[in-house]
Amino acid sequence: MAPPSTAAAVAEAERAFAADAVRRGTPAAFLAHLAADGLVFTPEPKNGRAHHGARKEDGSQLRWGPAFVEAAASGDFAVSTGPWSWRAKDGAEPTAFGHFLSLWVRRGGRWQVRLDIGVSHPAQEEAPLRLVLHGPPAASAPGPEAAWAAFDRTAGRDLAAALGEAGDPDLRIYRQGQAVRPGNLATLAAGEAGAAGWEPLGAEVAASRDLAFRWGRRGRAGARSVVLQVWRQADAGWRRAMDVALPEVGRP
């Protein structure tokens with residue numbers, strides 16, 4: 001069966017982005033593929049064009065590719081994730097590995113990166129590329145705001161419980177130093193226990209109301225993280241598909 005066309009187009013855009021990083025250097029590739037309002041998380045969300053415009057090419061290579069792409073029925077909103085590796089120069093062995101998560105929007109007839117975030121972890125094997133395209137939701141399909149509020153209430157008592165209750169079976173948890181796989185909450189739940197607060201920073205919802213993302217700060221027992229969540233509309237309502245948390249070092 002042919003892959004869903006929208007998701008396939010996003011996978012191709014991701015590959016073109018990665019190819020430009022090898023051919024032209026990482027800063028130039030980001031400048032070419034980021035939306036004007038594109039954000040990169042370092043861990044603080046920053047304007048991506050300003051951030052990469054200030055960087056100088058140093059000959060290092062960041063390589064990556066999509067392993068999972070999910071697109072909204074509206075055809076202009078998608079998420080792409082997969083492994084990355086870094087090497088000091090072309091031909092050198094990679095010395096750093098991890099997973100990226102990019103949120104794409106279609107504007108002016110082309111796909112552009114709206115948000116880009118990632119974590120580092122030891123090298124891991126990756127499953128073959130999987131493409132998902134949402135079908136049209138019901139005309140009365142609700143937005144994700146009520147699901148977000150319910151998640152935050154539960155997380156205020158216990159984050160691990162909130163992650164489990166609101167997560168899809170293939171929920172991907174992204175944490176520094178930890179392998180990223182569908183359904184990996186079971187192996188990470190102990191580290192997520194305890195109350196967590198939420199400070200919203202931004203959110204966007206597909207016009208088709210079947211895919212959404214939000215980002216903010218999560219506070220837990222004296223530690224804070226910048227968090228990006230991806231949510232999808234399913235038969236059971238809005239469910240969390242991905243949760244990325246980057247510690248804010250030195251911030252209470």
Side-chain angles (χ1 to χ4, degrees), residues 9-66 69-72 74 76-82 84 86 96 98-120 144 148 174-176 198-207 211-219 224-231 241-252:
V10 174
E12 185 57 34
E14 188 75 78
R15 292 191 192 98
F17 181 15
D20 276 348
V22 172
R23 181 171 58 89
R24 303 168 58 187
T26 301
F30 271 87
L31 291 174
H33 293 271
L34 278 166
D37 58 351
L39 298 178
V40 295
F41 290 73
T42 64
E44 292 295 323
K46 298 178 179 179
N47 180 277
R49 290 191 177 183
H51 175 73
H52 286 285
R55 294 181 60 197
K56 292 184 178 180
E57 176 55 44
D58 60 6
S60 65
Q61 285 193 354
L62 181 64
R63 299 186 182 186
W64 71 90
V69 176
E70 183 170 354
S74 55
D76 58 0
F77 199 92
V79 58
S80 170
T81 186
W84 61 261
W86 181 90
H99 258 72
F100 72 90
L101 176 61
S102 296
L103 298 159
W104 291 76
V105 291
R106 185 170 174 81
R107 298 175 181 168
R110 72 183 188 95
W111 285 98
Q112 304 170 56
V113 178
R114 176 67 176 91
L115 300 177
D116 184 80
I117 195 169
V119 297
S120 60
W148 292 346
Y174 298 69
R175 301 292 187 266
Q176 296 285 24
W198 178 258
E199 175 191 345
L201 295 177
E204 292 192 22
V205 182
L211 199 59
F213 52 90
R214 67 171 185 162
W215 62 100
R217 290 190 177 91
R218 178 182 288 159
R224 289 167 64 89
S225 298
V226 174
V227 175
L228 174 66
Q229 293 183 333
V230 178
W231 291 70
M242 300 166 191
D243 187 284
V244 190
L246 300 180
E248 287 189 301
V249 179
R251 245 189 112 155

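Remember, it's a predicted structure, so these values are computed and weren't measured experimentally. All heavy atoms count here, side chains included; hydrogens, waters and symmetry mates do not.
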**Q.** Verdict with supporting geometry, His52 and Asp116, side-chain contact (heavy atoms from CB on, under 4.5 Å)
**A.** CA-CA 12 Å; His52 286 285; Asp116 184 80; over 6 Å; no

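- A donor-acceptor pair is defined here as one N or O able to donate and one able to accept, closer than 3.5 Å; such a pair exists between the side chain of Arg49 and the backbone of Leu34.
- Between Asn47 and Ala36, the closest heavy-atom pair is ND2-O, 3.4 Å.
- When all heavy atoms of Ala245 and Pro247 are compared, the closest pair comes out as O-CD, 4.0 Å.
- In terms of heavy-atom proximity, Trp148 sits nearest to Ala212 at CZ2-CB, 4.0 Å.
- In this structure the side chain of Thr81 reaches within 4.5 angstrom of the side chain of Tyr174, judged on heavy atoms.
- Not one N or O on the side chain of Arg107 forms a donor-acceptor pair closer than 3.5 Å with the backbone of Arg110.
- Across Arg224 and Gly219, no two heavy atoms sit closer than the pair CG-CA, 4.2 Å.
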**Q.** side chain to side chain donor-acceptor pair (under 3.5 Å) evaluation trace for Glu57 with Thr26
**A.** CA-CA 7 Å; Glu57 176 55 44; Thr26 301; 5.3 Å; no

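- Here the side chains of Leu228 and Leu103 are in contact, with some heavy-atom distance below 4.5 Å.
- Atom NE2 of His99 is separated from atom CE of Met242 by 9.5 Å, given to the nearest 0.5 angstrom.
- Annotation: side chain of Arg175 is not in contact with side chain of Val119 (no heavy-atom distance under 4.5 Å).
- Of all non-hydrogen atoms in Gly65 and Phe100, the two that sit nearest each other are O-CE2, 3.3 Å.
- Taking 4.5 Å as the limit, some side-chain heavy atom of Arg15 sits within range of a side-chain heavy atom of Pro66.
- Between Trp215 and Phe41 the shortest side-chain heavy-atom distance falls below 4.5 Å.
- Phe17 is linked by a ring-ring contact (aromatic ring centres under 6.0 Å, His included) to Phe30, His33, Trp64, counting only residues two or more places apart in sequence or in another chain.
- Separation of atoms CD (Gln112) and CZ (Arg106) is listed at 10.0 Å; rounding is to 0.5 Å.
- With Leu246 as the fixed residue, the side-chain contact (heavy atoms from CB on, under 4.5 Å) test singles out one of Pro43, Ser225, Pro45: Pro43.
- Between Phe77 and Arg114 the shortest side-chain heavy-atom distance does not fall below 4.5 Å.
- Here the side chains of Trp104 and Val79 are not in contact, with every heavy-atom distance at 4.5 Å or above.
- Within the model, atoms CD of Gln61 and CH2 of Trp86 stand 10.5 Å from one another, a figure rounded to the nearest 0.5 Å.
- Residues meeting the side-chain contact (heavy atoms from CB on, under 4.5 Å) test with Asp58, sequence neighbours left out: Ser60.
- Among all heavy-atom pairs drawn from Leu31 and Gly53, the shortest one is CD2-N, 3.8 Å.
- Leu115 places a side-chain heavy atom less than 4.5 Å from the side chain of Phe213.
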